[in-house]
Amino acid sequence: MDREVRVRFAPSPTGALHIGGVRTALYNYLFAKKQGGKFLLRIEDTDQTRFVPGAEEYIKEALEWLDISPDESPWNPGDCGPYRQSERKPMYMQYALDLVEKGHAYYAFDTSEELDAMRERLTAARVVSPQYNAITRTQMKNSLTLPEDEVKARLASGEPYVIRVKIPRKEEVRLNDMIRGWVMVHSNTLDDKVLMKSDGMPTYHLANIVDDHLMEITHVIRGEEWLPSAPLHVLLYKYFGWEDTMPQFAHLPLLLKPDGNGKLSKRDAEKHGFPIFPLDWKDPNSGDLVMGFREQGYLPDAFLNFLSFLGWNPGDHREIFSLDELVEAFSVERIGKAGTKFDINKAKWYNEQYLRAKSDEELANYLMQDLEKEGFTVEAGKAAQIAGLMKERATFPGDLWKEGKFMLFPPTTFDEAVLAKRWNQEAVSVLATYKEKLENFHEELTSESAKSLLEQSAAENDIKLGKVMQAVRLATTGVGAGPDLMAVFAIIGKEELIRRIGYALENLKIIA
RNA sequence: GGUCCGUUCGUCUAGGGGUUAGGACGUAUCCCUUUCACGGAUAAAACACGGGUUCGAUUCCCGUACGGACUACCA
């Protein structure tokens, strides 16, 4: 096949884009770019009742954040527009009618009450799966059972109707999924799905086939939840006479809950306290706020890398991939079949890797921004020093500020446990000497000079430095753990350091 | 219930008729070190079960179990 590869991501604007959807978009993007093709986005908004304002913007923003924006979309249309199904509404009826003419679809006038009654009747008769199919349609109100005159009259009178596909009674439907291989389904397990709804909108099934055909889609990469309806789609391609250009299907494994089983849901995010949406989202109807990876401090490259490994791997032992490297390494063949449990630890690990790979200067920007929000400023050089010292122990950019603020501000509290254990007369003696030496030191404090002065202070008191290090740290930073103390001292500066030691000497009580 | 899909360490996975079943996250221990972390090293940890086919099956086939998706005028 020498057609240009064209794939699409086709979300419904019904709320925040779920992480599974983001992964689907990513795989579509990677596949398109690897094949030198196009990645399009189509908004599937045929269900007007589920429309949620802002959802489309959310999708756009999420893809932009990850730098996987589509080549063609509602906001960047190509030659196959419109890219919103609601705006394509006038196009669908002719295709449905074409199927009616060919005898592959029919009008149905049943009310929802009548449909319910039918299902109840079948359930009562212990029919395993009550559905509108080759058998039951003979007992319903449709253009197959009603006299032609009446059908015409009903249509003419403006009575609501739907158009249903006429599924053949006995036919083996086969499709060759790129991930799962041959999948065969017997048509007698399929039902006469609605193609056109009574409101004049197509259902997903009709719209996605018509649009994929018109948009010259070559590969349909979507979630596994679509696999059961794929045979219907194959049948529709056949009825339309589009078999030659029918796209290849690839059904992606689902993203599962981290504990137990089942599809990953919003509930899991709340339960475990981690995001499953790319961006923060406030539901305009319920007012509920869900957190996003972006706002939690995940870096787009790290998140993307993490996401790409949820169901796919390059086949070697490499773990860190830029977007370009992912494109290069990607292949549908290497997508797994089994559902993937979501593990936030891995996401954090990726974030740490990407964070550490960043320059101190780049990280300093995060720190300065956070600080600004609190109403403070630091000079860039100092911010970079702090970032450099903190990045090895941070998961998120926000940790730089949260965990590193002691370098900018004196401690207000002192860790009780460390205090009880380490704060003793020896520490007090060393610190007193150290304070004096600092006061008489007239150069700028460097990490080397800070260390040398401290060593002298310990020696003069005949105390091994190691014995009091923890106490020194506690007195100057308030906690018992942190980056190299002498580097910290250099950042704090002599004057501030003297103040802090003075405060500790006056206020900390020896318990030990 | 029915249809379809799936099942390798706790998790993500590599592999594939004969392997010490490999890697990563996480966990544990050790080393480094002024602490914590980083880094390094080591360890514990898996082929769901039962039948076949075969000299040999984790790998192929068939069942079973378990899990999941779907089963709307939602996508």
Side-chain angles (χ1 to χ4, degrees), chain A residues 10-14 44-47 49-50 85 108 110-112 115 119 123 126-132 160-164 177 179-180 183-186 188-191 193-205 207-208 222-231 251 253-254 256-263 306 309-319 334 336-350 352 356 390-394 403 418 422 451 454-455 458 464-474 477 479-486:
Chain A
S12 262
T14 54
E44 309 236 324
D45 55 352
T46 54
D47 186 353
T49 64
R50 294 210 305 161
Q85 289 184 327
D110 315 276
T111 64
S112 55
L115 290 171
R119 290 191 192 102
T123 308
R126 293 195 301 177
V127 171
V128 282
S129 56
Q131 52 183 18
Y132 209 114
Y161 66 93
V162 300
I163 295 178
R164 286 180 181 272
D177 187 272
I179 294 172
R180 282 147 222 288
V183 176
M184 253 164 286
V185 178
H186 199 92
N188 63 16
T189 66
L190 268 27
D191 63 344
K193 281 265 182 294
V194 170
L195 263 20
M196 287 297 289
K197 299 187 269 190
S198 55
D199 66 357
M201 274 290 198
T203 58
Y204 167 82
H205 299 105
N208 113 84
R222 81 231 291 195
E224 192 186 344
E225 66 268 28
W226 296 109
L227 194 51
S229 57
H251 289 94
L254 262 16
L256 272 20
K257 295 174 184 297
D259 59 339
N261 297 292
K263 224 166 139 179
F306 164 69
F309 272 66
L310 253 29
W312 171 87
N313 75 84
D316 55 34
H317 287 160
R318 290 177 298 162
E319 303 274 348
R334 298 211 61 88
K337 294 175 169 63
T340 302
K341 278 187 186 156
F342 185 82
D343 181 12
I344 196 68
N345 275 326
K346 199 86 171 210
K348 285 183 181 167
W349 179 79
Y350 270 112
E352 287 162 1
R356 279 165 209 154
M390 293 306 298
K391 70 176 172 186
E392 299 289 284
R393 51 219 313 125
E403 312 289 328
V418 182
R422 304 285 187 179
K451 184 167 191 183
L454 184 59
E455 279 167 346
K464 287 187 82 171
L465 184 56
K467 282 189 76 178
V468 296
M469 256 336 252
Q470 286 279 84
V472 174
R473 180 181 290 280
L474 177 77
T477 69
V479 291
D484 178 66
L485 232 206
M486 299 309 121

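In what follows, every chain begins at residue 1, and chains take the letters A, B, ... in the order their sequences are listed.
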Looking at A:V183, is its backbone amide N or carbonyl O close enough to the side chain of A:D177 to form a donor-acceptor pair, meaning the two atoms are under 3.5 Å apart? no
Paired with A:N313, the side-chain hydrogen bond (donor to acceptor under 3.5 Å, both in side chains) test is passed by just one of A:R318, A:R334, A:E319, namely A:R334
Figure out the CD/C1' separation between A:E44 and B:C73, and round it to whole Å. 17 Å
More than 12 heavy atoms of other groups within 6.0 Å of A:K467 NZ: no
Any strand, both distances under 3.5 Å, Watson-Crick or G-U wobble: B:U19 pairs with none
Once you apply the 3.5 Å cut-off to both distances, tell me the Watson-Crick or G-U wobble partner of B:G39, or none. B:C31
Is the shortest side-chain heavy-atom distance between A:K257 and A:K341 below 4.5 Å? no
Applying a 4.0 Å non-hydrogen cut-off, can you work out what A:R222 is touching in the nucleic acid: base, sugar-phosphate, or nothing? nothing
Can you tell me how far CG of A:D343 sits from CZ of A:F306, rounded to the nearest 0.5 angstrom? 7.0 Å
Look at the side chain of A:E224 and decide which nucleotide, out of B:A75, B:C5, B:G23, has an atom nearest to it. B:C5
Going by purine N1 to pyrimidine N3 plus the second Watson-Crick contact, or the G-U wobble pair, all under 3.5 Å, which nucleotide sits opposite B:A57? none
Below 4.0 Å: OP1/OP2 of B:A75 and any side-chain N or O of A:T46: yes
Would you mind reading off the distance between A:M201 atom CE and B:C74 atom C1', rounded to a whole angstrom? 13 Å
Between atom CG in A:L254 and atom P in B:C12, what is the gap in whole Å? 13 Å
Grab the CG-P distance between A:L227 and B:C4 for me, whole Å please. 11 Å
Among B:C73, B:A24, B:C5, find the nucleotide with the atom closest to the side chain of A:V194. B:C73
Toward the 5' end of RNA chain B, by each residue's nearest nucleotide, A:R180 or A:R356: A:R180
Is there a side-chain polar atom (N or O) of A:R334 under 4.0 Å from OP1 or OP2 of B:G15? yes
Under 3.5 Å for both donor-acceptor distances, Watson-Crick or wobble: does B:C66 have a partner, and if so which one? B:G6
Whole-Å distance between B:G22 C1' and A:R318 CZ? 16 Å
What interatomic distance, in whole Å, is found between P of B:A44 and the corresponding atom of B:G51? 30 Å
Rounded distance in Å between the C1' positions of B:U20 and B:U3: 44 Å
Starting the side chain at C-beta, find the nucleotide from B:C73, B:U35, B:C25 nearest to A:Q470. B:U35
B:G1 and B:U59, which share atom name C1', separated by this distance in whole Å: 34 Å
Could you tell me the separation between the CD atom of A:Q131 and the C1' atom of B:G1, rounded to a whole number of Å? 12 Å
Between B:C32 and B:U13, how far is it from one C1' atom to the other, in whole Å? 31 Å
Which nucleotide, in any strand shown, forms a Watson-Crick or G-U wobble pair with B:G1, with both distances under 3.5 Å? B:U71
Could you work out which one of B:C5, B:A69, B:C12 sits closest to the side chain of A:E225? B:A69
With respect to the side chain of A:K337, which nucleotide from B:C74, B:U3, B:G6 is positioned closest? B:G6
Counting the atoms with a prime plus P, OP1 and OP2 as sugar-phosphate, which does A:G223 contact under 4.0 Å by heavy atoms, base, sugar-phosphate, or nothing? nothing
For B:C70 versus B:U54, give the span between their C1' atoms, rounded off to a whole number of Å. 39 Å
B:C73, B:A24, B:U35: which one has an atom nearest the side-chain heavy atoms of A:K346? B:A24
Need one value for A:R164: base, sugar-phosphate or nothing, where a base atom within 4.0 Å counts as base even if backbone is also close, heavy atoms only. sugar-phosphate
Once rounded to the nearest 0.5 Å, what's the spacing between atom NZ of A:K263 and atom CZ of A:F342? 15.5 Å
Among B:G10, B:A75, B:A24, which is the nearest nucleotide to the side chain of A:E319? B:A24
Minimum-distance nucleotide to A:W349 side chain [options: B:G23, B:G26, B:C4]: B:G26
Round to a whole Å and report the spacing from CZ of A:F309 to C1' of B:A24. 9 Å
Indicate whether OP1 or OP2 belonging to B:A75 is found under 4.0 Å from a side-chain N or O atom of A:R50. no
Would you indicate which nucleotide in B:A69, B:G6, B:C38 comes nearest to any side-chain atom of A:A338? B:G6
When rounded to the nearest 0.5 angstrom, what is the spacing between CD in A:Q131 and NZ in A:K193? 7.5 Å
For A:V162, does its backbone N or O pair with a side-chain atom of A:S198 as donor and acceptor, under 3.5 Å? no
With the side chain defined as heavy atoms from C-beta on, A:T189 is closest, among B:U3, B:C25, B:A69, to B:U3
When all nucleic acid strands are considered with a 4.0 Å heavy-atom cut-off, which category describes A:V183: base, sugar-phosphate, or nothing? sugar-phosphate
Taking the C1' atom of each, how far is B:C25 from B:A14, in whole Å? 15 Å
Which part of the nucleic acid does A:P253 contact within heavy-atom distance under 4.0 Å: base, sugar-phosphate only, or nothing? nothing
Classify the nucleic acid contact of A:N188 as base, sugar-phosphate or nothing, counting any heavy atom under 4.0 Å across all strands shown. nothing
Contacts of A:A394 and A:D110 projected onto RNA chain B by closest heavy atom; the upstream (5') one is A:A394
Return no unless some side-chain N or O of A:K263 is found under 4.0 Å from OP1 or OP2 of B:C70. yes
Name the nucleic acid region contacted by A:G482, choosing base, sugar-phosphate or nothing; use a 4.0 angstrom heavy-atom cut-off, strictly under. base
Under 4.0 Å: is that the gap between some side-chain N or O of A:N313 and OP1 or OP2 of B:A14? yes
Tell me which nucleotide, if any, is Watson-Crick or G-U wobble paired with B:G26 when both distances must be under 3.5 Å. none
When you check the phosphate oxygens OP1 and OP2 of B:C12, does a side-chain N or O of A:K341 lie under 4.0 Å from one of them? no
Nearest-Å distance once atom P is located in both B:C9 and B:G15: 15 Å
Nearest 0.5 Å, please: how far is CG in A:L310 from CG in A:L254? 11.5 Å
Round to a whole Å and report the spacing from CG of A:L195 to P of B:A75. 12 Å
Students often get this wrong, so: under 4.0 angstrom with heavy atoms, is A:S198 touching a base, only sugar-phosphate, or nothing? base
Between A:T46 (side chain only) and A:M201 (backbone N and O only), is there a donor and an acceptor less than 3.5 Å apart? no
C1' gap between B:U64 and B:A28, integer Å: 38 Å
